Amino acid sequence: MATHKAVFIYSSELEKYKYPSDHPFNTIRPAKVRKVLNSMGLLSGEGRKEVAPVPAERIVLKKFHSARYLHALQAASKSRWDRDAFNMGIGTSDCPVFKGLYEYAVLAAGGTLTGANLILSGSANIAFNPSGGFHHAGPEHASGFCYINDVALACTVLAEQRKRVLYLDVDVHYGDGVAQAFYDRSDVMTISFHENPRMLFPGTGFEDEIGTGKGKGYCVNVPLPIGTYDKAYIKAFKEIALPLIKVYNPDVFVFQLGADALAGDPLAHLYVTNNLYVEIINHLLSFNKPILATGGGGYNIDNTVRAWALAWTILCGADSEQGMNPALGGVMLESIEWQGGLRDKQLPVSTEQRKSVMPTLDATIDTIRTKVFPIHGL
Ligand SMILES: [Zn+2]
């Protein structure tokens with residue numbers, strides 16, 4: 001991108017809220033990312049700044065969520081929780097009730113909408129809200145640790161301004177809430193790479209779920225076998241996502257960068273490193289269109305923090321700057337045994353692993369190319 005106007009969206013206000021201590025979702029991750037980036041000097045200076053999220057307004061939330069659901073969420077946040085709320089997924093073990101839940105969800109989602117508005121006004125061409133990415137929430141239900149679907153809302157707001165939106169989701173779980181929201185629409189194309197839903201929540205997101213009506217061919221799901229590694233993943237990305245993005249020619253990207261596909265995540269079974277994210281981000285940047293990026297899953301905290309900090313260095317163009325010390329991130333993260341900075345070490349891939357991943361993945365790629373590509377004249 002010619003000139004970066006990159007905005008990192010964060011407020012220490014977000015640190016006040018916490019899921020119960022035994023819950024895997026940790027709201028501390030963005031604060032840790034911010035700390036690393038701040039000590040590297042990457043949140044200010046030419047073309048970079050930090051902006052505080054503005055809580056999402058009720059009128060905007062209602063573009064995706066029902067009034068009944070928002071009311072139940074707000075009441076639960078004040079400890080007025082009932083069976084009706086439970087039936088909407090509020091107060092389950094995945095989506096527990098905790099103090100300030102509504103305020104947290106609205107502020108975190110507000111960050112993504114703040115980014116969307118900065119992009120729409122031309123004040124930013126890169127915006128990253130590591131506190132966003134709640135892709136499982138539905139119009140009237142909480143699901144998979146998500147209450148307010150900030151990414152679906154951002155796509156809606158951008159599409160309302162006649163932007164062609166390309167939603168890319170690399171969280172290890174299928175971005176079902178967003179895909180469903182635009183399942184019959186062609187002005188928001190959703191592409192989701194995720195672990196095979198036979199193995200993992202939410203149990204949908206197979207390659208034959210391709211949208212319906214006007215949206216047929218505009219929902220693209222790439223289920224990945226257990227043990228998928230960087231090279232296999234990037235092959236699927238190049239053979240599926242790149243040609244579709246080229247032909248779709250979006251005005252803006254909404255990029256859900258859940259980091260739970262990383263090897264070592266306690267909730268999933270893929271085997272990728274953060275070098276994969278660098279490669280994907282560089283591909284997105286090559287289209288020279290604004291990118292609204294969010295966080296998402298990521299349950300190995302250290303790996304997630306490093307991946308998101310690294311993602312920002314690429315998104316804001318710092319990696320190509322003279323004098324940028326690539327080992328600095330390593331020092332900041334107090335890692336003494338690895339001097340590669342924020343980048344992960346390459347992981348060894350066994351012949352066995354190659355044999356179990358590649359044939360399945362190749363078959364998936366074939367299916368998608370057969371079902372989806374002709375719709376786009378490919
Ligand atoms: Zn996830």
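Whatever order the structure lists them in is the order used to number ligands and atoms, beginning at 1. As the structure is a computational prediction, the values presented were derived from the model and not from experiment.
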- Is any NZ, NE, NH1 or NH2 atom of the basic residue among Asp362 and Lys235 found under 4.0 Å from an Asp or Glu carboxylate oxygen of the other? yes
- Query: Within the stated cut-off of 2.8 Å, is an N/O/S atom of His135 closer than that to the Zn ion (ligand 1)?
  - Reply: no
- Query: Looking at the Zn ion (ligand 1), which N/O/S atom of Asp260 is the nearest one?
  - Reply: OD2
- With a 3.5 Å cut-off and no angle check, do the side chains of Asp260 and His173 form a donor-acceptor pair? yes
- Please find the N/O/S atom of Asp171 nearest to the Zn ion (ligand 1) and write down its name. OD1
- Going by an N to O cut-off under 4.0 Å, is there a salt bridge joining Arg68 and Glu140? yes
- Task: Identify, by name, the N, O or S atom of His173 lying closest to the Zn ion (ligand 1).
- Result: ND1
- Item | Carboxylate-amine/guanidinium proximity below 4.0 Å for Lys371 and Asp208 | no
